[in-house]
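The next block holds one structure in the form of structure tokens; read it before the comments.
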Amino acid sequence: MEFLRAIEEKWQGKWEKAKIFEADPDPKKPKYFITVAYPYPNSPQHIGHGRTYTLADVHARYMRMRGYNVLLPMAFHYTGTPVLAMARRLADNDTGLINDFINVYKIPKEKVKEFTDPMTLASFFHQEIKTGMKEIGFSIDWRREFTTIDPHYNRFIEWQFQKLRKAGYISRGSHPVGWCPKDGNPVGQHDTVGDVEPEIGEFTLIKFRQNNLVFPTATLRPETVFGVTNIWLNPKTKYVKAAVDAEQWIVSKECVEKLTHLNRKVKVLETFGGKDLIGKLVENPATKTKIPILPADFVDPKNATGVVMSVPGHAPYDYVALENLRKTPSQLKEYGLAPKTIESVKPISLIEVPGYSEIPAADAVRKMNIKEQTDPKLEEATKEVYRHEFHNGIMKPNTGKYSGLSVNEAKDKVKQDLIAEGKATTMYELLNRPVLCRCKTECIVKIVQDQWFIDYGKQEWKTLAHKNLDNMEILPEELRSEFNNVIDWLHEKACARKSGMGTRLPWDKDWIIESLSDSTIYMAYYTIVKHIKEHKLQPAQLTDEVFDYVFLGIGKTAEIAQKAKLDAKIIEEMHSEFMYFYPLDSRHSGRDLVPNHLTFMIFNHTAIFPEKLWPRQIATNGSVMMEGAKMSKSFGNIIPLREGLAKFGADPIRLSVLSTAELLQDAEFSPAIAKSMRERLERLYKFASEVAKNSRNTKTSENSLTAIDKWMLSRLQEHIRKATEAMDKLAVRKAIHSVLYELEQDFQWYQKRITAQKGHKKSATDFVHSQVLDAQIRMLTPVAPHLCEELWKMMGEKGFVSLASWPTADESMINIEAEENETLVMDVLEDTLNIMKATGMTPKKIYYYTACSWKWKVYLEMLEKARHGEAKLSEIMKELAAEEDSKKNMKEIANFAQKALKEVNRIPQDRREKVLKMKALDEKAAIEDAKDLLKQRLKAQVEVYDEEDSQRYDPKYKAALSTPFKPAIYIE
RNA sequence: GCGGGGGUCGCCGAGCAUGGUCAAAGGCGCAGGCUUCAGGAGCCUGUCCUGUAGGGGUUCGUGGGUUCAAAUCCCACCCCCCGCACCA
């Protein structure tokens with residue numbers, strides 16, 4: 001362990017000193033520009049974060065070895081509420097959080113106290129994260145580092161927003177948000193107790209009237225207005241009569257504040273108990289019928305208006321409440337209701353649903369055996385009825401012009417019509433209430449006025465975004481359809497808030513641009529920030545005109561430079577560096593950013609840059625699981641990255657997060673995995689040391705290589721090919737498997753073979769070893785760069801392996817025959833073992849009989865036929881019969897052909913081609929060659945004969961059973 | 001609801017895009033053996049059923065279909081996970 005850490009530190013030092021990851025424009029080299037979503041410095045990074053960044057680094061390192069001038073920069077996202085919220089929670093003495101900081105992150109108590117200041121907190125974690133990134137060996141060009149609250153960056157964002165505004169993509173309006181009335185702030189998921197997302201829904205308020213008095217019943221199913229039999233009020237709670245805009249409404253007392261937040265003018269005129277209104281009649285605006293107001297305890301005054309229309313035919317709650325009322329005459333009496341009033345209230349059926357009776361609500365209630373209106377099962381019953389009615393329900397004739405429509409269609413039509421006729425209005429309400437703010441106050445819905453939006457809903461903009469996406473590579477490709485959907489769905493996105501850190505809207509300084517909106521095109525900023533720092537430019541010098549020229553080539557440099565009090569040369573330099581590195585070749589992030597940041601990036605690029613500068617690739621990855629649970633702060637199961645590095649080493653951690661899962665999947669991490677990775681690397685190191693000792697100056701001429709050497713080298717090419725193909729798709733797991741495990745398997749077979757083989761030349765072995773190791777080290781470098789640098793040096797190579805080239809498969813070393821021979825040996829061994837198992841024999845001597853030449857000839861002819869479709873026995877027999885020399889043993893041939901044909905027809909096409917290319921195999925020689933190994937593994941004597949060998953020992957006449965690729969076997 | 005991903009031999013998990021070499025990689029677990037003073041670990045062998053000759057049978061969520069041939073292609077259904085915003 002100490003040893004690995006020492007290596008890491010050593011090479012990180014060397015890289016930094018040699019500045020090998022600092023990328024400047026180089027016209028002689030193709031460039032490759034990779035960025036990863038910059039981190040929020042509000043807590044230390046953990047191993048989960050490490051995955052995304054490591055993947056990006058591996059990508060960068062791979063492309064560098066493929067000969068590209070790779071730029072991988074990094075910055076820090078101070079914008080918005082994450083940093084602020086963290087500081088505030090600490091200031092509020094959130095003990096859980098403070099404990100995490102002290103115990104999990106091992107931050108000194110004294111230091112944590114200082115974190116109530118957001119800037120102190122941010123800059124501390126900024127450095128912490130940066131150090132971690134260095135310790136894990138990311139190949140970042142640190143000269144380009146910045147934060148999103150740097151005044152220069154603010155200028156850049158201002159420029160971006162002016163551009164968006166001029167393009168007509170900024171709009172303003174009001175929209176509903178979850179809101180804490182006490183804090184006076186919008187609440188999102190992370191602001192609520194239990195991290196619940198406030199779900200905002202739109203209720204339809206249908207205006208039942210009593211003369212001029214409006215009873216706004218809140219419903220999510222306006223189409224059922226035709227089945228209303230009564231209105232429910234909660235008799236035990238307070239209601240008010242209030243002037244709402246130009247009308248007089250009856251609503252629950254609790255509703256008043258909500259209406260105010262929804263921008264209605266509300267003035268309470270009178271307060272009274274719900275029971276005071278029981279028994280009064282109101283008119284249904286849709287049917288003009290007069291219906292009574294009845295009492296129901298299930299009515300929640302906190303939900304919407306607290307006034308509810310009753311549709312007992314289709315709403316289980318209403319059905320049960322009505323039944324309850326009917327059965328308790330005492331209640332009727334209490335509220336002065338005549339039994340006759342109740343008797344006349346009968347469920348009305350207005351929707352026809354297959355599988356249900358006239359009264360679906362009654363069916364559901366009976367099925368679930370619900371007796372009381374307070375039964376929680378009613379929730380489920382309601383959902384069930386609704387689900388069926390929504391999908392399969394048809395409106396009945398008693399719904400007038402909606403008759404025959406599906407519920408699905410009628411729902412919206414009824415709503416729109418009622419609103420248009422002034423018989424209804426709408427009200428936002430939380431669907432999953434109660435939602436509690438962290439301050440324990442119940443949240444409500446507020447309509448925020450004059451909110452600024454980026455209008456991703458614009459059709460022509462969507463078209464551009466689709467165009468970009470269509471020409472982009474998406475890794476993994478499976479997510480493309482999700483991007484397509486997100487582009488279609490997005491609409492106005494609130495882009496500024498009144499609090500937090502960041503850039504102020506240039507035209508309305510009260511607002512601060514929020515973090516998902518100031519992080520959409522910043523990749524461009526990396527290409528110029530180097531110059532800003534180098535020349536110590538002032539923010540004021542970065543005028544909109546300067547940016548226009550640098551990024552878009554608009555204007556004349558001399559004029560711009562003069563106005564900005566800036567050297568024209570610097571503007572040119574920035575422009576050409578931008579033009580060199582842009583467009584962005586690859587964008588990395590966690591897959592959770594697909595529906596927001598990544599898609600915003602696409603949109604904003606298309607809005608601001610010409611098509612040739614749009615991003616070319618997006619690569620996303622899943623998260624890291626720790627013992628089955630997602631690694632995240634709230635679960636308390638995190639391992640801070642730096643702690644992991646100290647414990648397991650950088651290369652093992654890199655390997656761990658990338659080798660256990662492919663892009664889309666979540667990766668499993670555990671100390672055991674990290675440990676086994678470390679051991680795997682240590683074994684490689686040990687082996688490499690051995691090889692290094694032996695293979696200095698290994699120069700072996702090709703002709704001293706034996707079959708098994710050629711086999712190993714041939715296999716090596718296949719592994720190189722596979723690893724390269726995998727890396728091109730960022731299937732790092734696959735690549736690692738190919739390089740580390742599959743290659744290793746072949747290599748172990750090779751070792752077994754040469755160990756068993758008497759007199760295998762050492763020079764050949766050394767040559768093969770060094771070939772394998774050379775390729776293996778190169779291919780492992782992107783994932784385990786530290787160890788590989790060390791091995792590289794050990795192998796006597798000069799310079800950095802980080803800058804060496806990725807190996808390419810050498811076609812000339814691919815040896816089909818050697819591979820087929822070896823496959824034969826493996827098959828023969830396996831078959832023999834199988835026979836031993838089936839018979840329970842312990843063999844003394846084993847005889848193999850390889851197929852004779854005519855069998856091969858027939859076999860190959862069949863293959864040739866099969867190449868152009870299925871080979872037919874009759875055809876082949878005819879042809880064979882025509883041939884002179886085969887006439888003598890037609891019966892034998894027919895026998896064999898029948899068996900072989902079955903084989904031939906199920907061989908895949910590419911293997912057929914291979915076999916045809918190399919013709920008959922010298923099976924006898926192949927087995928002879930592996931005789932030492934076979935003897936050793938089978939613990940028996942081994943003899944090989946050609947089946948037609950007259951000298952053969954064959955007491956059981958097995959030889960005739962041989963077929964190509966399947967020698968006959970006799971064991972005694 | 002809308003959208004996305006997924007259901008593989010005890011468990012985890014490849015393979016499915018380009019159907020055949022798939023009873024289906026690898027790891028874990030389990031069983032036996034070797035090694036070690038011991039502990040850990042390492043190595044080897046086995047691990048669907050069945051068979052005294054390399055074979056046969058039944059498997060890849062469920063049910064159909066296409067094909068000489070399907071874990072792999074098509075259709076329907078069931079189940080699980082994730083996202084739906086002003087919040088990163």
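We name chains A, B, ... by the order of the sequence lines, and we start the count at 1 in each one.
Pair assignment for B/C22 gives none, since no Watson-Crick or G-U wobble pairing has each distance under 3.5 Å. B/A53 is unpaired under the Watson-Crick or G-U wobble criterion, no partner having all donor-acceptor distances under 3.5 Å. When Watson-Crick and G-U wobble pairs are counted only if both distances are under 3.5 Å, B/C2 pairs with B/G83. Of all nucleotides present, only B/G10 satisfies the Watson-Crick or G-U wobble test against B/C28, with each distance under 3.5 Å. Pairing of B/U35, defined by two Watson-Crick or G-U wobble distances under 3.5 Å, is not identified with any nucleotide. Searching all strands for a Watson-Crick or G-U wobble partner of B/U66 with both distances below 3.5 Å returns nothing.
Following rounding to the nearest Å, A/Lys686 (NZ) and B/G42 (P) show an atom-to-atom distance of 12 Å. Distance A/Ile513 CD1 to B/C86 P: 19 Å, rounded to the nearest Å. Straight-line distance from the CD atom of A/Glu742 to the C1' atom of B/G15: 12 Å, rounded to whole Å. The CD1-C1' distance, from A/Ile170 to B/C86, rounds to 14 Å in whole Å. Spacing between atom NZ of A/Lys734 and atom C1' of B/A17 amounts to 10 Å, rounded to whole angstrom units. Between the P atom of B/C84 and the CH2 atom of A/Trp489 lies a distance of 10 Å, rounded to the nearest Å. Per the geometry, CG belonging to A/Leu938 stands 12 Å off P belonging to B/U45, to the nearest Å.
Within 4.0 Å (heavy atoms only), A/Pro967 reaches at least one base atom of the nucleic acid. At the heavy-atom level, A/Lys752 lies nowhere under 4.0 Å from the strands shown. A/Ala496 comes within 4.0 angstrom of nothing in the nucleic acid, heavy atoms only. Using a 4.0 Å heavy-atom distance criterion, A/Leu833 is classed as making no nucleic acid contact.
For A/Glu822 and A/Arg715, the salt-bridge test fails: no basic side-chain N is under 4.0 Å from an acidic carboxylate O. Contact check on A/Glu718 versus A/Arg721 returns a salt bridge, with a Lys/Arg side-chain nitrogen under 4.0 Å from an Asp/Glu carboxylate oxygen. Under a 4.0 Å N-O distance rule, the pair A/Glu478/A/Arg591 does not qualify as a salt bridge.
For A/Phe76 and A/Phe125, the gap between ring centers reaches or exceeds 6.0 Å. Aromatic rings from A/Tyr38 and A/Tyr522 are positioned such that their centres are separated by under 6.0 Å.
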Between A/Val657 and A/Tyr53, is a side chain to side chain contact (heavy atoms under 4.5 Å, CB included) present by the stated rule, with each step listed? CA-CA 10 Å; A/Val657 295; A/Tyr53 294 109; over 6 Å; no

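Taking atom C1' in both B/C79 and B/C86, the straight-line distance is 34 Å, to the nearest Å. A gap of 13 Å separates the P atoms of B/A25 and B/G46, to the nearest Å. Of the C1' atoms belonging to B/U36 and B/A14, the separation is 36 Å, rounded to the nearest Å. Spacing of C1' atoms, B/C12 relative to B/C30, comes out at 15 Å, to the nearest Å. Between the P atoms of B/C11 and B/G83, the separation comes to 26 Å (whole Å). Rounded to whole Å, the separation between the P atoms of B/G32 and B/C77 comes to 50 Å.
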Quick one: what's the B/S/- string for nucleotides 25-31 of chain B, heavy-atom cutoff under 4.0 Å, read 5' to 3'? BS-----

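Between A/Thr79 and the choices A/Thr503, A/Asp518, A/Thr147, the side-chain hydrogen bond (donor to acceptor under 3.5 Å, both in side chains) rule is met once, by A/Asp518.
Under a cut-off of 6.0 angstrom, the local environment of NZ in A/Lys935 is crowded, with over 12 non-hydrogen atoms contributed by other residues, nucleotides or ligands.
Ring planes of A/Tyr945 and A/Tyr849: parallel class, angle under 30° (limits at 30 and 60°).
Less than 4.0 Å separates RNA chain B from at least one heavy atom of each of the following residues of residues 594-604 of chain A: A/Pro595, A/Asn596.
One finds the NE2 atom of A/His719 at 11.5 Å from the CG atom of A/Leu740 (value rounded to the nearest 0.5 Å).
Side-chain atoms of A/Asn485 and base atoms of B/G3 include no donor and acceptor less than 3.5 Å apart.
Phosphate proximity of B/G55 to A/Lys966: present, with a side-chain N or O under 4.0 Å from OP1 or OP2.
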